[in-house]
Each structure stands twice: as C-alpha cells, then as structure tokens.
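What you are looking at is a predicted structure, and each value in this text was computed from that prediction instead of being measured. A note on names: the letters A, B, ... follow the listed sequences, proteins ahead of strands, and every chain is numbered from 1.
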2 protein chains.
Amino acid sequence: MEYFDKLETQDPEQREREMFAALPRQIAHAKANAPHYSRLLADIDPESIVDRAALAKVPLTRKSELHALQRTAPPFGGLLAGKRLPVKVFVSPGPVYDPEGATEDYWRAARALFAAGFRPGDLVQNCFSYHLTPGGSMMENGLIALGCSVIPGGVGQTEMQVATMADLKPVGYTGTPSFLKAILERAVDLKRELTIKKALVSGEAFLPAVREALKARGIEAFQTYATADLGVIAYETAAREGMMVDEGVIVEIVRPGTGEPVAPGEVGEVVVTTFNRDYPLIRFATGDLSATLPGRSPCGRTNLRIKGWMGRADQTTKVRGMFVHPHQIAEVTRRFEAIRRVRVLVENADGNDRMRVLCELVNGGTDALREEIEGAVREVTKLRGDVEFVATQTLPNDGKVIEDVRKFS
Amino acid sequence: MEYFDKLETQDPEQREREMFAALPRQIAHAKANAPHYSRLLADIDPESIVDRAALAKVPLTRKSELHALQRTAPPFGGLLAGKRLPVKVFVSPGPVYDPEGATEDYWRAARALFAAGFRPGDLVQNCFSYHLTPGGSMMENGLIALGCSVIPGGVGQTEMQVATMADLKPVGYTGTPSFLKAILERAVDLKRELTIKKALVSGEAFLPAVREALKARGIEAFQTYATADLGVIAYETAAREGMMVDEGVIVEIVRPGTGEPVAPGEVGEVVVTTFNRDYPLIRFATGDLSATLPGRSPCGRTNLRIKGWMGRADQTTKVRGMFVHPHQIAEVTRRFEAIRRVRVLVENADGNDRMRVLCELVNGGTDALREEIEGAVREVTKLRGDVEFVATQTLPNDGKVIEDVRKFS
C-alpha cells in the first residue's frame, strides 16, 4: 500500500488531538479577520473549542445563506480572512462566488488523486470545466502539485477530446463519469485507441454499473466528494468502502436543521470545518446528506469514513402556502425530552395539504403529550399537524426530517 | 509614463547586444537537448550567431511543419529541450500540440497587460477559452504574475458573464474584442451596469471601428499579437503606433518562402526566436505577415515595432493540379542577380489556369533574360509561366509572392 503522506495512517487519536490543537488558532484567525465570524462567533472563546463536543456548540454557517451574505457584503459576505484579494474567483449556482487563494493545491485535490492511483509524471486529461466554475482549476492544481502533466480538456468538443487522447496518450482522466463514458463511446465510433487507465470522477452520482462498465474497459475509476467552497471533503480509496475524509478538514454529521451531531451511522447533514487561512469555513453546513461508516478501512488509512453523497439535506417545503423549515421541526423536538425522533410527512391525498408528524418516543405516549406536541407544532410553524406516535426504529435512517410525498399531477 | 521594467526603455543597441550575447547559449541549448535542432542545426556553430546577419543564415522551423514533425516524433516533434514533461499541454489547429512549462508567466503576457493599463490588485474577467487551447492559461498566468485577480470566464454563457461582471465589478477584460462587444450589448438588454475600463484583446482582427465603439463606452482596449506556440510576440502601447515587440523574443521579417530578411518596412513573414528553455523556438516562421515600423515610439519604449497582423504568408497554391510554393519562386529569384522582386499572378480568365511571373529588375531586361527566367520557372515548378518585366516599385508591398486571382464561380 502506498500513501500520500504519513497523516493518512497515523493513530486516529493523535489526528484528533492535533486537529483540535490547531482549531482554536483557526477560529481565532476567522474571528479576528473575517467580519462574518467576528459577529457570528462573538460569544465563542476560541480557546475553548478543544474537542468535538465543544465544536458542536459553535454556530453553523449554511451554504444556503451564502448568497444572501454575499449580497449584503459583496463579494464574499465577510467570510474572507486573507489580507489580499483571492488569486481567482469562481461562480457556483446561486450565484455564490468562490475564492481561490495562492496556496499550492488550494483545494486539496492531490491526496484524492494519489488514492485514485495518480502518480508524478502521469499525463492526465482534465475534463472538468475551467469556465466560471472551479472544478477545472481544483483538479488542475492538485495534478500539478502531485507532479502530473495536464491536458486542460474542459467539457464538450467530444471529438477533439478523443483525438487529443488518441494522439497524446494520457493515462489519466479527471471529470464527470458520464463525460468519460461519452468519450469512450465516441472513440469506438472513430476507431481510435485510448490509453486511459485511471480516473478520478466527481460532480454527479457514480453508479456501480458505470464503475463496472469502466472497469471492463480497463479503467479503475474512483470518486471524490468535493464542493465549490470547500474543495475536497472525502475521497474513495482502493478499499472501495465509502469515502475517506480528507486530512485537511473536520467533518461532522448533524441532524438537518440543527447543529447537533447525530449518533454514529445515522444519516444527517455534512458539516465541514477547514483550516484554510484565506477563506475559513467554520462549521460550514453543506446541505448534503451522508453518514459515517463504522470501523477502519482495509486500505490502512485511519481517518473517519463517510458514505457517499446521499441527497440534499435542505427539506424546506411549502405547506398551505407557508414555508416549513427543518429547523422548526428541530425546535419542536427540542421542547420535548420524551421525543426521540420526528419525521414530518406532507401529503395531499384529497387535494388538500396535510402535515403528519410522526414521533418515535423514548417511552410510551399519552393523548395529553400528543396534544402538547400538536400545540407546539402550531406555535412554531403556524400550521396544523397531526401527531402520530410510531414504534422505535420505525422511521427510516435517511436524514429526512420533512418528507414531501404530495403528488401534483 | 510607467513601464513594466527597465528593459523597455533601454538603449536599443544595448538590447541588441544583450540579446545576441545570450543567443549562442540558447542555440547551443536547443542543439544539445532537442533532437530536431540537433539535426537541423548540425552545421551551425552557436558561437557564430552573434548578430542579425548571422542569425539570417540559420535554417527556419516552420509552423506549417509542426504537425508533420509531431506525427513523426510524438508528442513535440523533437523540439522539447526541457528535462521534464511540460506542466500543461494544449491543442491548436492542425492539430499541433503546444507545451506550457513551469516558469512563471511562461507566455510572457504580463508585459502586454501592463502596457494595456493593467495593474496589481485589478480584478479581471478572462474570457479566452481555457479548454484545449492555451489562450485562457496564457492570459491567466500573465495576470497572476502581474498581481491581478482573475475571474476565469472562458467563452460562451454570455448572460452569466454579464451577471458575474455586474456582481463582482471587474475593472479589466481579456478576450476577443467581439466577445466583449457581445457582453456589453447583452448587459444593455439585461439592464446591468458594468465596470470594465480596460481590456487586452487578441485572437482576431481588432478594427478601429470596434476600438472606437469600446472607447465610447469608457473602455480603453489594446491588442496583443500572440500565438499558441510562442506566446506574446508584440503588444500595443498607449502610443497606438503599431505594436511593440516583446522583450523576450527576437523578431525578423523575411521574404515568404525564404529565410532572408526583407528591407526595413517591407511586408514579409514574421520569424521569431525565443529564449524559452523548455521549448526553444529558433527562427520559427509563424506564417503571419507583418512589417517593421520606422522610428521610435512616442510611448518611450525603445524596442522594434511592427505593424499588426497583415494576413497569412503561406501562399502555396495549386496550378493545373501542381502545387506552387513560395520557396520555389524564391529559388527562381535567387538564380538571377538581375531580378529585384517577383510576384506570381495565378489567373483563369478563359477557364484555364495561367501563371504570370511579374519581375522588377535591377536594370532593363532583354528577351534573352525573359526566356532564361521562363526556363528556370519551368525547371523549378514543372509549370509554364509567362514572364513580364514591370517598372521598379510597381509590385505592391504586401508580402505576397504568389497571388491567386482566379475566379471559381
């Protein structure tokens, strides 16, 4: 087994100690230099954030807020802590503007590339877009840091991608899995022989069937989980068991709508803290769902593992014209120690919206408790919800707090 | 007046001395490390190439040959002299593959950007394509070297380019002039205010009418002459008199089809020698036409100036099914000291191809001389050509050796 560096195989307790030893300084840096954090973390003493329990008390910054924050304080919503302008600025949907700083491998892609088998001297065709979105630059920086040579392919121009691959004989591909599939199929049409043997894919679901189809053509493809703000969060390894968390971030899984960590293995929202000095993201709620995997990876890496991307956490929906947010349901739950777990079902069987509030209780329930909870629901959401008690372990472990099962056609 | 560095205003004789003092080492480097030059320059003693007259004896490497050279010795035709693989590889029409090395501002774009008014701290939307072609990377590297921040816009997505510019308020634009025009027009449709004040444009003709239209919107746009192999060759300055040759190259203007420098001011093919250690281009014939400008620029820069791009030099054509190359016409000319200048006109007035060979002579001509020249034309081109003597200064100064005036419809 080869590793990118010694961090990957260190004692997990040592990793945890070192990360939380470094964290107070990072939080102090963010508070001192980024106006958003000066405000948000006003009551937080950085020196006190020395373990996961303490971190769990730090307020979240939500990806879904970034657009509004950036509108209020352009261009970066007061989250930039660097003294200088970023080297590059990208656009992701929202629009949200994403800075890239001057540090080598700013997006921490080299480690994921290494785990996917990329090595110094490899020639790689990078088919993420370089235009406006950061994908192309993210992967290119990582490839260059790793010592690879890059053909900046970008997206589209499938025929020219094929011709370039056939002529230059790159061994590696980075991009979406579907575009790799399109390139391979066009190469067959054009009767051109390709030499791709390894791939790091991202940006969309990577289904086992696609992975097997690539394998059948001699291509070992691995996926990485990365976002336009954070860069690489986790990456697949040869063990093919979930995804290994990157060494440069702290990942928590929380109950959607809250900042509270879920029990190990439970599905929740991915919350990430980086050590990026230019653009520190402290408890950044991605809006993505995932869950931790128990145990240790057979690949020898010792970091926390998560399942892949399991959907979007933001389940805000409109019921009878009123928004219902996951954090409102969390607020209702918080008021009752008797409640273990809640799931709201939004239905419209008879054409009218109906909100069912399914509760798993710690012990048995009473009619009085049911009425109290219904009162709390009305108070918090301004909507009527029918509370039902369900047996323990009945509600699915999929991170959903609000499930919209209405049919509109 | 501000300058990028002291090189720009140095005594021209000193520049010439220093460039030619450095040239033997560069030629020796190319001969020693790049197989193409080991072969091509086998008979050239690098130490002897100490001035323009000596350089004029060095064999050309033609851009038009690159594709074939690269097919024979992939991927770079034996022109690469670096010990390591290039950091990036691009594709230009042919296809020809263009390496980018690891040096900062590899394509020497920062100087041209500075002359166009770009300064450290400027936020710039870079609308050259990053995908497969080197334009985006060329400009981005120069901008970053200069200390600017880059929005990697790329091409297309005009509406998102407008929205991004309106939100982020970049002061600078790099890209084609026509795409800037399209962005400005779309901004009017979308009622978005843009803040672009400076632009460096390239990649297509930049007509005075477009320049004036941009100026009317408060944008000072300058052009640069750059190619996918050489990077920046020349750039406009505030003087608006032709284009200043870059400090990192030696530019010659030669008679198309030959390596012989033309008289000052005469139109010919642009031949460039770089000091690039990774990918040395020694007497690289671009296939582009231009001419030197006499005198000194009012902007204070002291380097040679050339007119902008004046068309393509490659006038190879097919006459009665046979290729006629400019170098064949040059060969005919070379045989007769009596000839000052030749221009071949290819006509088909009666539906049959006819080749007229117009000659300016040093002195008066005789029937015997005409027959001798016609014999040489037949011998060299395997085609009959009718030789006509014309008065001195009759042939236009447009770099054309073969002019095809046939009508095919």
Gap between atom CD1 of Ile219(B) and atom OG1 of Thr195(B) - 0.5 Å precision |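 Between atom OG1 of Thr195(B) and atom CD1 of Ile219(B) there are 9.0 Å.
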Quick one: of Pro152(A), Pro74(A), Cys148(A), Pro86(A), who has the most non-hydrogen atom pairs under 4.5 Å with chain B?
->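 Highest number of heavy-atom pairs under 4.5 Å: Pro152(A).
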Under 3.5 Å donor-acceptor, [X] side chain and [Y] backbone:
X         : Y         : value
Tyr37(A)  : Pro280(A) : yes
Lys169(B) : Ala166(B) : yes
Glu220(B) : Lys197(B) : no

Proximal to chain A - members of residues 99-138 of chain B, heavy-atom separation under 4.5 Å =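 Listed by number: Gly121(B), Leu123(B), Phe128(B), Ser129(B), Tyr130(B), His131(B), Leu132(B).
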What part of Pro95(A) gets closer than 4.5 Å to chain B, counting heavy atoms only: side chain, backbone, both or neither?
->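 For Pro95(A), the contact with chain B is made by the side chain alone.
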Non-hydrogen atoms of chain B under 4.5 Å away: do they reach the side chain of Val91(A), the backbone, both or neither?
->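 Just its side chain gets close to chain B.
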Could you check which of Val89(B), Leu143(B), Leu85(B) has the highest count of heavy-atom pairs closer than 4.5 Å to chain A?
->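 Heavy-atom pairs under 4.5 Å are most numerous for Val89(B).
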Where is the tightest heavy-atom contact between Asp229(B) and Leu66(B), given as atom of each residue plus distance?
->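 For Asp229(B) and Leu66(B), the tightest heavy-atom pair comes out as OD2-CD1, 4.2 Å.
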Between Ile151(B) and chain A, which part of the residue has a heavy atom less than 4.5 Å away: side chain, backbone, both or neither?
->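 For Ile151(B), backbone and side chain are both near chain A.
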Listed once per pair and sorted, the salt bridge (Lys or Arg N to Asp or Glu O under 4.0 Å) pairs that draw on residues 149-160 of chain A, sequence neighbours left out =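 Residue pairs passing salt bridge (Lys or Arg N to Asp or Glu O under 4.0 Å), neighbours aside: Glu159(A)-Arg186(A).
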Pairs satisfying salt bridge (Lys or Arg N to Asp or Glu O under 4.0 Å), at least one member in residues 134-151 of chain A, at least two apart =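 For residues 134-151 of chain A, and leaving out neighbouring residues, the salt bridge (Lys or Arg N to Asp or Glu O under 4.0 Å) pairs sorted by first residue read Glu140(A)-Lys88(B).
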Which residues pass the salt bridge (charged side-chain N to carboxylate O under 4.0 Å, His left out) test with Lys181(A), sequence neighbours left out?
->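 Expected list: Glu185(A).
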